[in-house]
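The structure under discussion appears below in the form of structure tokens.
Just so it is clear, the values below take in all heavy atoms, side chains as well, and ignore hydrogens, waters and symmetry mates.
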Amino acid sequence: RSVARTLIEMGLNEHFNIDSDTPEMADLREVFGVDSGITGEGGKLALMTAQALTQGISRCVSFVAADGLDSHQGAAWRTNHGPNLQEGFNSIAALASHLEATPFGDVPGDNWLNHTTIMCFSEFSRTALLNSNGGRDHKLYNSMLLLGGGIRGGHVVGASSDLGMQAQAVDLSTGQVSESGERIGNNHIARTLLHSIGVEEDVGDFRAPAVPALLEDA
């Protein structure tokens with residue numbers, strides 16, 4: 001409540017008034033697909049995330065890009081899962097595009113995406129194979145999407161096995177499957193992001209090394 005009161009007193013709440021009729025907010029609603037509905041609720045949250053970052057209100061933001069993914073039953077999997085995921089990916093794409101189009105500081109050609117790392121993941125993950133009900137159950141591991149500042153994009157790190165689609169161990173330097181490598185977990189990702197900003201010590205007690213294959217300077 002104290003923080004909310006401070007935002008209002010400083011007039012910063014207007015940056016998050018999505019229903020505002022100002023030209024700036026109208027442009028943002030179009031960029032984030034809010035009025036067209038192609039991004040669902042995730043688009044609104046992505047818009048507010050962009051505002052919090054680019055207006056200097058917060059340096060770290062988390063939001064739900066896609067919802068309604070608890071598809072244990074086949075009907076939900078067949079009809080809702082894909083469209084719900086698409087809305088989430090649309091909202092992330094809109095966020096990345098907006099940050100890339102927004103200048104950062106006074107350096108010509110620099111943009112906010114160069115200074116922002118976007119990490120997308122499931123809070124409990126999903127099985128790769130369908131269950132007996134034709135849907136998907138919870139899983140201990142899943143894929144993750146990373147993009148933005150410091151991340152070497154455009155490639156896949158790791159792979160799943162042909163039998164059972166299990167996560168395979170990979171060489172952390174190359175990202176290629178290797179029996180002598182490690183299965184990458186959230187602790188590896190956290191350590192990698194800290195490494196990318198110059199934090200070499202394991203300050204979070206993640207007990208896992210960084211993954212050089214994920215980084216731009218690898």
Side-chain angles (χ1 to χ4, degrees), residues 3-4 7 11-70 80-126 142-157 186 189-190 192-197 211 214-217:
V3 173
L7 289 174
L12 299 177
N13 59 306
E14 283 304 311
H15 293 302
F16 307 101
N17 184 7
I18 295 180
D19 296 325
S20 172
D21 57 2
T22 64
E24 177 190 10
M25 190 57 70
D27 289 343
L28 286 173
R29 286 199 302 270
E30 181 178 358
V31 168
F32 285 89
V34 172
D35 293 338
S36 65
I38 63 172
T39 56
E41 289 299 313
K44 298 178 182 179
L45 298 174
L47 188 161
M48 289 191 283
T49 294
Q51 289 289 82
L53 293 171
T54 60
Q55 300 301 323
I57 297 172
S58 177
R59 297 184 64 184
C60 181
V61 183
S62 62
F63 72 97
V64 177
D67 205 354
L69 303 178
D70 202 13
N80 300 327
H81 199 87
N84 289 343
L85 277 177
Q86 187 64 63
E87 287 184 352
F89 285 127
N90 288 344
S91 66
I92 295 300
L95 174 61
S97 296
H98 176 69
L99 292 177
E100 187 175 31
T102 304
F104 183 91
D106 298 324
V107 180
D110 200 6
N111 61 71
W112 268 91
L113 187 60
N114 290 337
H115 300 269
T116 306
T117 301
I118 300 175
M119 178 172 63
C120 309
F121 60 95
S122 168
E123 81 277 23
F124 52 68
S125 305
R126 283 286 166 184
N142 202 347
S143 57
M144 179 181 290
L145 174 67
L146 291 171
L147 66 150
I151 301 300
R152 183 164 68 93
H155 74 296
V156 176
V157 172
N186 292 339
I189 302 299
T192 301
L193 296 180
L194 287 171
H195 177 81
S196 71
I197 60 174
V211 185
L214 294 171
L215 299 177
E216 199 170 34
D217 57 358

Can you sort out the partners of Asp110 under salt bridge (charged side-chain N to carboxylate O under 4.0 Å, His left out), two or more places apart, ordered by chain and number? none

Locate the shortest heavy-atom distance separating [X] from [Y]; write the atom from each residue and the value.
X      : Y      : value
Asn111 : Leu99  : CB-O, 3.7 Å
Ser122 : Asn142 : CB-ND2, 4.3 Å
Ala94  : Val31  : CB-O, 3.7 Å

Checking the side chain of [X] only, and the main-chain atoms of [Y] only, is there a donor and an acceptor separated by less than 3.5 Å?
X      : Y      : value
Arg29  : Ser20  : yes
Thr39  : Phe32  : yes
Ser91  : Gly88  : yes
Thr117 : Gly149 : yes

Assign the ring pair Phe104 / Trp112 to parallel, tilted or perpendicular, where the plane angle (0 to 90°) is split at 30° and 60°. perpendicular

Under 3.5 Å, which donor-acceptor pairs link side chains of residues 61-70 to any protein atom two or more places apart or in another chain?
residue	atom	partner	partner atom	Å
Asp70	OD1	His72	NE2	3.0
Asp70	OD1	Arg126	NH2	2.5

Mind checking what makes side-chain hydrogen bond (donor to acceptor under 3.5 Å, both in side chains) contact with His15, not counting sequence neighbours? none

Measure the spacing between [atom1] of [X] and [atom2] of [Y] and express it to the nearest 0.5 Å.
X      : Y      : atom1 : atom2 : value
His98  : Thr54  : NE2   : OG1   : 5.0 Å
Phe121 : Met144 : CZ    : CE    : 6.0 Å
Leu145 : Ile118 : CG    : CD1   : 8.5 Å
Thr116 : Ile151 : OG1   : CD1   : 11.5 Å
Leu45  : Leu95  : CG    : CG    : 11.0 Å
Asp19  : Met25  : CG    : CE    : 9.0 Å

Can you confirm whether Leu214 sits close enough to Ile189 that some side-chain heavy atom of one is under 4.5 Å from a side-chain heavy atom of the other? yes

Side chains of Glu14 and Thr22 in contact at under 4.5 Å (non-hydrogen atoms):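 A side-chain contact is absent here, since even the closest heavy-atom pair is not under 4.5 Å.
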
Check whether more than 12 heavy atoms from other residues, nucleotides or ligands sit under 6.0 Å from atom CD of Gln55, and answer yes or no.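 For Gln55, atom CD is crowded (more than 12 foreign heavy atoms under 6.0 Å).
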
In this structure, are over 12 heavy atoms from other groups packed under 6.0 Å from Phe89 atom CZ?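 Result for CZ/Phe89: open.
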
